[in-house]
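I have placed the structure first, in the form of structure tokens, so that the comments after it can refer back to it.
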Amino acid sequence: MNQTIKNFWANRRQNAWIVVEIALVTILSFYFLDYFVVAYYDTHFCRPADDFERDHLVVGQVGVSSQAASPDSIGEVSLANLHALRDKVRALPEVQYAGLVADFVGEGYSYRLSTFRAEADTTRWCGVNSMRFLLGEQFFETQGLTPVEGSPSAEKLSNECPADGAVITRSMALALFGTDQAVGRRIVETDYDGDAVQHGPANKIVARYTVFGVVEDFRLRSRERYAYAILTRVTALSNNTPKMLIRLRSGEDADEFVIRLNSAERQLELMTGEYGLAAARTYTEYREQISNYDSESMLFSIMGTFIALLLLNVVIGTLGTFWLQIRKRTEDIGIMRSFGAKRGNVFWMLWREAALLTFVACVIGWVIWFQFAMNIGLAQGFTMTGTGQETDWVNTFWLHYLVICAIQYVLLLIIVTLGMVVPTFRAMYKRPVEALRHE
């Protein structure tokens, strides 16, 4: 080890550029590696987003007949026709549950970010995405949201939630109360502003709720780390052409059902007054179409591609720099071989120097990134999407930080090893006389 450090110091001028390059790679790649590791953890070790048997879900758009004038608002007659249309869909032999929806998981555009805290404990708060559901529309059964133990059944949540009641996710209950047994506890909604994510909720209270139920976690957006969501009831539809969410019975094929549902015969059969069910799609197809029009996703993909290309160029540059450095040391390798050094000993000596150089460069990059993380508040509970107080940088900050650093070091060491293997072996397999002549 002493010899490795001496060699590293003796070649410090040559190593300086490589240290700068690897430190730059470390800084640029840390955030994206962090994101990838968290996403992988979410996907393989946590409840996946939208994990509620979505293969059996169908989304239908309620439409107004072309022969009928579109009503400006939903009156008693129109509402009765909407309910009659819903009941006809429920009566179909393939359908298990169906209901009119104000919001549903995966719709993409209707989520509202609010700040909530426990009424009795102002130190516990989190940013929450809120959804609305219509009473009596089998929402929790159709969506497939599962109540935790000790919470009312899905049927009761759909039909009996009081006006001041709210249904929250397990993660939100744990964030506010430290337990998922939160039924009957009080929460308050406060004004949300940009500083609330970093400095806590504003003082003005907007509304108060009693927790009526707690459901298993779901994530409204696939890139969210924590599932903080609240569902509150509404008594009326905000527009005259709502969507209908349909859950099929076990064994039914959603694609085949959609074909039948969109047929002229079935649409005529379901037509009730001025309303009919049009443009039915499977839940998966609906989500894919939403993502195609999601400007945030498109921007993220474009930026991700640009940064990936930038990192690729830096990595290739690092490989090239190592290649040139080893070629410059061909004469040293020839001298060691002429004195009887074995090829294995030469390789491992050079590899140890490369490992030490990579470690020094990574430490520099980690220190710079740590300062950046502290300055933008990652260690104080700030999230890029503003969806909650708790992040991977809180509670388990050092464990999370060190794990990402270890993964990054291993990956960079693999890249560095690839950069030195070919020129090292080419130099080692030259005859000592040829190596000594190398310029």
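As a basis for the values below, the full set of heavy atoms in this structure was taken, side chains included, without hydrogen atoms, waters or symmetry mates. Keep in mind the model is a prediction, meaning the values are calculated, not measured.
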For this session: Could you go through the side chain to side chain donor-acceptor pair (under 3.5 Å) check for Thr210 and Arg186 one step at a time?
Result: CA-CA 5 Å; Thr210 300; Arg186 298 280 291 175; 2.7 Å; yes
Problem set entry | Glu269/Lys88 under salt bridge (charged side-chain N to carboxylate O under 4.0 Å, His left out): CA gap, chis, key distance, verdict | CA-CA 9 Å; Glu269 175 188 334; Lys88 282 185 178 181; over 6 Å; no
Problem set entry | side chain to side chain contact (heavy atoms under 4.5 Å, CB included) between Arg249 and Val95, intermediate numbers included | CA-CA 6 Å; Arg249 297 184 184 277; Val95 175; over 6 Å; no
For this session: Go through the steps to decide whether Glu137 and Arg86 satisfy the test salt bridge (charged side-chain N to carboxylate O under 4.0 Å, His left out), and finish with yes or no.
Result: CA-CA 9 Å; Glu137 293 295 331; Arg86 175 204 62 195; 2.6 Å; yes
For this session: With salt bridge (charged side-chain N to carboxylate O under 4.0 Å, His left out) as the test, would you mind laying out the steps for Glu119 and Arg208 before giving the verdict?
Result: CA-CA 8 Å; Glu119 185 177 54; Arg208 300 176 188 271; 2.7 Å; yes
Exercise. Could you walk me through whether Leu277 and Asn262 pass the side chain to side chain contact (heavy atoms under 4.5 Å, CB included) check?
Worked result: CA-CA 8 Å; Leu277 198 61; Asn262 288 331; over 6 Å; no
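The aromatic rings of Tyr401 and Phe30 are tilted relative to each other, their planes meeting at an angle between 30° and 60°. Between Phe139 and Phe133, the angle of the ring planes stays under 30°, which puts this pair in the parallel group of the 30/60° scheme. Using the six-membered ring where Trp is involved, Tyr286 and Phe104 have ring planes that are tilted, between 30° and 60° apart.
Here the shortest heavy-atom pairing between Cys161 and Ala166 reads SG-N, 4.1 Å. Here the closest non-hydrogen pair linking Val58 and Ala254 is CG2-CB, 4.3 Å. Nearest heavy atom pair, residue Pro242 against residue Val101, reads CB-O, 4.2 Å. Nearest heavy-atom pair, Ala280 versus Val258, reported as atom, atom and distance to 0.1 Å: O-CG1, 3.2 Å. Residues Asp180 and Leu174 approach most closely at N-CD2, 3.7 Å, considering heavy atoms. Counting all heavy atoms, side chain and backbone alike, Ile230 lies closest to Ile168 at CG1-CG2, 3.8 Å.
Contact check for Ser153 versus Lys156: side-chain heavy atoms found under the 4.5 Å cut-off. When side chains are defined from C-beta on, Thr190 counts as touching Arg117, because their heavy atoms get closer than 4.5 Å. Taking the side chain as every heavy atom from C-beta outward, Val214 and Thr169 never approach each other to under 4.5 Å. Looking at Val59 and Ile246, their side chains never come closer than 4.5 Å, going by heavy atoms from C-beta outward. A 4.5 Å side-chain heavy-atom check between Val410 and Ile414 finds at least one atom pair inside the cut-off. By the 4.5 Å heavy-atom criterion applied to side chains, Leu413 and Trp351 are counted as neighbours. Ser151 is not listed as a side-chain neighbour of Val215, based on a closest heavy-atom distance of 4.5 Å or more. Residues Tyr209 and Phe116 have side chains in contact (heavy-atom distance under 4.5 Å, counting atoms from C-beta outward).
Side-chain contact check for Ser171 and Asp217: at least one donor-acceptor pair (N or O, by modelled atom type) lies under 3.5 Å. In summary, the side chains of Gln408 and Thr26 do not present any donor paired with an acceptor at a separation below 3.5 Å, with no hydrogens or angles considered.
Judged by distance alone, with hydrogens and angles left aside, the side-chain atoms of Arg266 form no donor-acceptor pair with the main-chain N or O of Leu261 at under 3.5 Å. Although no hydrogens or angles enter the test, the distance criterion places no donor-acceptor pair under 3.5 Å between the side chain of Gln96 and the main chain of Ser250. Side-chain N or O atoms of Thr142 include none that pairs as donor or acceptor with a backbone N or O of Phe140 at under 3.5 Å.
Taking CG of Asn81 as the start and OH of Tyr275 as the end, the distance is 7.5 Å to the nearest 0.5 Å.
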